[in-house]
Protein chains: 2
Amino acid sequence: MKRLTIQRQAILDLINRSNQHWDAEELARCLNKNGHQLGIATVYRGLGALENSGLIQSIQLADKKRYERADKGHHDHLICTNCGDIEEFCDDKIEQRQQQVAQDLSFHMTGHQLLMFGICQRCFNQSAGSEAL
Amino acid sequence: MKRLTIQRQAILDLINRSNQHWDAEELARCLNKNGHQLGIATVYRGLGALENSGLIQSIQLADKKRYERADKGHHDHLICTNCGDIEEFCDDKIEQRQQQVAQDLSFHMTGHQLLMFGICQRCFNQSAGSEAL
DNA sequence: ATGATACTGATAATGGCTATCATTCCCTTT
DNA sequence: AAAGGGAATGATAGCCATTATCAGTATCAT
Ligand SMILES: [Mn+2]
Ligand SMILES: [Mn+2]
Ligand SMILES: [Zn+2]
Ligand SMILES: [Zn+2]
């Protein structure tokens, strides 16, 4: 990334000011609603550039990529298949075992992504309530 | 899945006879090359039906889904970002810790996917060789 | 100022996958 | 055996996230 333009700065600011996992479309909508003016292609390119520079990070879901702040550091995700909510965690033991597995297989790991799917507590309680009817 | 048709049987047989991670396109091409005759939509539907029935399993990569035999049971994957090769492993400690993490967060996990990215041993050795030039 | 380079934005194109729908295949019931 | 109905097929249209294209614009170095 040669230039941190106002467009890219706007994307970066919005992500850094929030705690969400944004997709490109959401970011574009939110930015354009708040005075900024940038095309969807610029958002995609900006996100790519910012991620390459380590200023933001992303997770690859089945349908789309979602971007978030990089200052939280590495972590993994729990994804509610009912409401789409995304929770975060980082477990050192898991991270260590991954390193061990890679080493055992002479695999030079550069990154990983662990997604856990299921029902979040809120959704679980709600469905428990409706069952009682 | 109400009927295990010859088309679906052909898909299932091919997957069960091999040890690869197939995408829909590859399966269709291979089947049509070997006397079978089935449209791409049928392959997609068949794969979905077979997976729902637990007869095959899949991994969701960034761009596409890849299907493999179910009789190997659950495992996770190492993916070479250079040659696309996919290696497999299963680590009980990681699986246990995942359960623990979910429990700690009151998250009702129904499944997970762990992808590890990097350079496989073969690619690593090759690039080491070319550096010596 | 001039030119080189990077970035933008509108839009076309791509690629994996799902929806549609007419046709065909099976299975059950007469 | 014939008829009817649900399920599957296959050709193709549509969908959606993302990337490619390209002309125009902004920024930087000389
Ligand atoms: Mn996160
Ligand atoms: Mn596998
Ligand atoms: Zn939920
Ligand atoms: Zn490799």
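Values below: all heavy atoms of this structure, side chains included; hydrogens, waters and symmetry mates excluded. Chain letters run A, B, ... following the sequence lines, proteins first and then strands; every chain starts at 1. Everything numeric in this text was worked out from a predicted model, so none of it was measured.
No more than 12 heavy atoms of other residues, nucleotides or ligands sit less than 6.0 Å from atom CD1 of A:I6.
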Could you go through B:M109 and B:V101, starting from their C-alpha distance and side-chain angles, then the distance that decides it, and tell me whether this counts as side chain to side chain contact (heavy atoms under 4.5 Å, CB included)?
CA-CA 10 Å; B:M109 181 168 56; B:V101 166; over 6 Å; no
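For the OP1/OP2 pair of C:dC25 and a distance below 4.0 Å, the side-chain nitrogens and oxygens of B:Q7 include no atom meeting the criterion. Applying the 4.0 Å criterion to OP1 and OP2 of D:dT18, one finds that A:Y44 has a side-chain N or O inside that range. At D:dA8, one or more side-chain N or O atoms of B:R8 fall inside 4.0 Å of OP1 or OP2 (strictly under the cut-off).
In this structure, the separation between CG on A:L47 and CD1 on A:I15 is 5.5 Å, given to the nearest 0.5 Å.
If you measure from atom CD of B:Q9 to atom P of D:dA7, you get 20 Å, rounded to the nearest angstrom. The separation between A:K64 atom NZ and D:dT19 atom C1' is 17 Å, rounded to whole Å. If you measure from atom CG of B:L47 to atom P of D:dT9, you get 11 Å, rounded to the nearest angstrom. Distance, B:K65 NZ to D:dA17 P: 17 Å, rounded to whole Å. For the pair B:L27 CG and D:dG10 P, the interatomic distance rounds to 14 Å; values are reported in whole Å. C:dT24 atom C1' lies 15 Å from atom CG of B:L38, rounded to whole Å. One interatomic measurement links the two molecules: CD of B:E26 to P of C:dG16, which rounds to 10 Å at whole-angstrom precision. We find that CG of A:D63 is positioned 8 Å from P of D:dT18, with the value rounded to whole Å.
At the heavy-atom level, A:Q37 lies under 4.0 Å from the strands shown only through sugar-phosphate atoms.
Each of B:Q57, B:E51, B:Q20 was checked for a side-chain contact (heavy atoms from CB on, under 4.5 Å) with B:Y67, and the lone residue meeting it is B:E51.
If you find the closest nucleotide of DNA chain C to A:L4 and to A:I40, the one lying nearer the 5' end belongs to A:L4.
The aromatic ring centres of A:H112 and B:H77 sit 6.0 Å or more apart.
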Assign a letter to each nucleotide of nucleotides 24-30 of chain D from its 5' end: B, base within under 4.0 Å of a protein heavy atom; S, sugar-phosphate only; -, no contact.
--BB---
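Of the candidate nucleotides D:dA8, C:dA10, C:dC17, C:dA10 has the atom nearest to the side chain of A:R45.
Salt-bridge formation is detected for the pair B:E68/B:K72: a Lys NZ or Arg NE/NH1/NH2 atom is positioned less than 4.0 Å from an Asp or Glu carboxylate oxygen.
Looking at heavy atoms from C-beta onward, B:R8 lies in side-chain contact with B:M1 at the 4.5 angstrom threshold.
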